[in-house]
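Following: one structure in structure tokens, then a few remarks.
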Protein chains: 2
Amino acid sequence: MAPPAPRTARAVARAELTRAILDSAQAQLAETGPAALSVRAVARDLDMASSAVYRYFATRDALLTALIIEAYDDLGDQVDRAVAERADDDFLGRWRALAHAVRDWAVAHPHQYALTYGSPVPGYAAPTDTVVPGTRVSSALITLLSDAEAAGIRAPQRAHRVPAAEKAAIGPILDHVGRRLSPGYAVRGLATWATLFGHISLELFGHMHQGVLDYDVHFSQVVDQVGADLGLGG
Amino acid sequence: MAPPAPRTARAVARAELTRAILDSAQAQLAETGPAALSVRAVARDLDMASSAVYRYFATRDALLTALIIEAYDDLGDQVDRAVAERADDDFLGRWRALAHAVRDWAVAHPHQYALTYGSPVPGYAAPTDTVVPGTRVSSALITLLSDAEAAGIRAPQRAHRVPAAEKAAIGPILDHVGRRLSPGYAVRGLATWATLFGHISLELFGHMHQGVLDYDVHFSQVVDQVGADLGLGG
DNA sequence: ATTGAAGTGAGAGCACTGCTCTCGTTTCGA
DNA sequence: TCGAAACGAGAGCAGTGCTCTCACTTCAAT
């Protein structure tokens, strides 16, 4: 990770300037979106030569990648915090907290949401650095479902058929999170995931006529419906 | 709309060149995505000066808009054709056809899908020209649900509560399509929509480890599940 | 303490982009 | 027939990502 305590004055300055670049880029991103993110504009904002910025981020994509990682971690923190406020055995409450935390964050940071969970940025292939922080929300969901299943909760609706090949493939993912989950429930969790992000994307990107829907109410109802489908009670 | 029969030789040439520009741009889009779409590259491809292209499309965004409209229409045609192959009273079959047509098209044209239903292109606000073709799939879904409800079909699960404000707001949309649909079923249809596109987006954009999921099987199961939730039988 | 390598910032410059303007030329309708 | 409109080409402007070179500063090993 990051060096624990930068000793030399130069290292401190480097860390600070790196932070300043990220902040400036972040501000640009929040304002005008990822395409408008310009290395030269960041340099202008910080009163430095554009070439100097390249001492800190080798490429524009590298800068974008750093922003994506920060966005993932920001969302991950927010979700973890919201879920932790509920009692461990309040599975419906935990699910509600998770879902609403994701939506609230997405509404508050639409450009970051587009960057992380929207369609990939043009010509930009997510580097491996982003996959670990990118799984934090799904890990939280897996943890939740795993706890619920361990407590004897089962989905009331008929289970999906899970092909043998998938059963074998799902195992390693769960191992990575360190959790146990029946394949059927895991697949159901994936559908839950898709529904959650589908609704958020619809609200953010959908060409919905303004004011047609009270998304607060609508989203709450969908979340509760999904929770019921998962057998979390309510 | 478009002039029905261009008489003069110049008008014909203009139509042909417009078509050629769109084709070249389309090819670039399919290859490298929307960000790489370059007016100059199109001009090079067609052996003309870049300034000449601007006689046909006032701006890069205008060219992109034309491509988006064509994408919407292409998908709309495909969906309409697939749905029309089923008997009018085979509601589950019509729903399956619609859902799979959307997914098949998205998988075959990922960049176009991102352009139309993914996160909006950076700094690009969808002009009003795109809203009509953009509603073709949702219109098809509304038509389907309206037919189903008219045939006495009701969703088996408990109905969502629909605030009065939304009831009033939903009306005009349905009028625009020329259909009747109870507010509860309409909201349920919106959730269906979000689930459908959520799953497709997850398959296309999701940072899913390759080979983890057999999306053919998974998607089919989800579609059938949604169909059952809508009370379409099966 | 000195020296030399590494890190840093600035500036010029390349290749590319979207877009504009001007210039002759062609086409077409009145 | 004549004049307006449309057209294609070229030059040019402002902006971009990125590279290279050049001075200068910091820092660590001698």
Side-chain angles (χ1 to χ4, degrees), chain A residues 2-3 5-22 24-25 27-29 31-68 115 121-125 127, chain B residues 2-3 5-22 24-25 27-29 31-68 115 121-125 127:
Chain A
R7 302 192 170 279
T8 74
R10 180 130 82 187
V12 170
R14 180 172 184 87
E16 282 174 357
L17 192 42
T18 303
R19 187 67 259 157
I21 291 172
L22 283 171
S24 174
Q28 275 193 43
L29 185 66
E31 267 180 29
T32 41
L37 174 63
S38 152
V39 176
R40 292 181 113 110
V42 169
R44 274 194 299 274
D45 187 34
L46 300 180
D47 274 314
M48 60 195 294
S50 67
S51 57
V53 178
Y54 286 89
R55 300 280 185 199
Y56 296 82
F57 294 93
T59 197
R60 200 196 90 120
D61 275 4
L63 180 54
L64 210 53
T65 300
L67 290 177
I68 290 177
L115 214 52
V121 166
Y124 167 84
Chain B
R7 301 192 171 280
T8 73
R10 181 128 81 187
V12 170
R14 180 173 184 87
E16 283 175 355
L17 193 42
T18 303
R19 187 68 256 156
I21 291 172
L22 283 171
S24 174
Q28 275 193 42
L29 185 67
E31 266 179 30
T32 41
L37 176 62
S38 152
V39 176
R40 291 180 116 110
V42 169
R44 274 194 299 273
D45 187 34
L46 299 180
D47 273 314
M48 59 196 295
S50 68
S51 57
V53 178
Y54 286 88
R55 301 273 186 203
Y56 297 82
F57 295 92
T59 197
R60 200 197 90 121
D61 276 4
L63 180 54
L64 209 52
T65 300
L67 290 177
I68 290 177
L115 215 52
V121 166
Y124 167 85

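In what follows, chains carry the letters A, B, and so on, assigned in the order in which the sequence lines appear, proteins first and then strands, with residues in each chain numbered from 1.
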Completion exercise
When rounded to whole Å, the CZ to C1' distance for the pair A/Phe57 and D/dC18 reads 16 Å

Completion exercise
DNA chain D nearest-nucleotide lookup for B/Ser50 and A/Ala9: closer to the 5′ end is B/Ser50

Problem - Closest-nucleotide 5' rank along DNA chain C - winner of A/Ala52 and B/Ser38 - result: A/Ala52

Exercise for the section: Classify the side chain of A/Ser51 versus the base of C/dG11 as yes if they form a donor-acceptor pair under 3.5 Å and no if they do not. Expected result: yes

Handout entry: Length of the CZ-C1' vector between A/Arg60 and D/dG15, whole Å
Key = 14 Å

Practice task
Could you state the atom-to-atom distance from OH of B/Tyr56 to P of C/dG18 in whole Å?
Solution key: 18 Å

Handout entry: Residue pair A/Thr32 / A/Leu37, side-chain heavy-atom distance below 4.5 Å
Key = no

Handout entry: Any donor-acceptor N/O pair, A/Thr8 side chain to A/Ala11 backbone, under 3.5 Å
Key = yes

Problem - Under-3.5 Å donor-acceptor pair between B/Arg55 side chain and D/dG8 base - result: yes

Practice task
Spell out, as yes or no, whether a donor-acceptor pair under 3.5 Å connects the side chain of B/Ser24 to the backbone of B/Ala20.
Solution key: no

Handout entry: Quiz item: A/Arg40 side-chain donor-acceptor pair to D/dG15 base, under 3.5 Å
Key = no

Handout entry: Between D/dC7 (C1') and B/Ile21 (CD1): distance, integer Å
Key = 12 Å

Handout entry: Gap between atoms CG and P, on A/Leu17 and C/dG7 respectively (whole Å)
Key = 16 Å

Handout entry: Spacing of A/Arg44 atom CZ relative to C/dG11 atom P, expressed in whole Å
Key = 15 Å

Problem - Protein-nucleotide distance (B/Leu37, atom CG; C/dG18, atom C1'), rounded to Å - result: 12 Å

Exercise for the section: Apply the test side-chain contact (heavy atoms from CB on, under 4.5 Å) to residues A/Leu22 and A/Phe57: give CA-CA distance (whole Å), side-chain angles for both, the deciding distance (0.1 Å), then the verdict. Expected result: CA-CA 10 Å; A/Leu22 283 171; A/Phe57 294 93; 3.8 Å; yes

Practice task
Calculate the interatomic distance between B/Arg10 atom CZ and D/dG8 atom P; express it in whole Å.
Solution key: 9 Å

Exercise for the section: Ignoring hydrogens and angles, tell me if any N or O in the side chain of A/Arg55 forms a donor-acceptor pair with the backbone of A/Arg14 under 3.5 Å. Expected result: no

Practice task
For C/dT27, take OP1 and OP2 only and decide whether either is under 4.0 Å from a side-chain N or O of B/Thr8.
Solution key: no

Problem - Contact under 4.0 Å: A/Arg14 side-chain N or O vs C/dT8 OP1/OP2 - result: yes

Exercise for the section: Please tell me which of the listed nucleotides, C/dG9, D/dG8, C/dG18, lies nearest to the side chain of B/Tyr54? Expected result: C/dG18

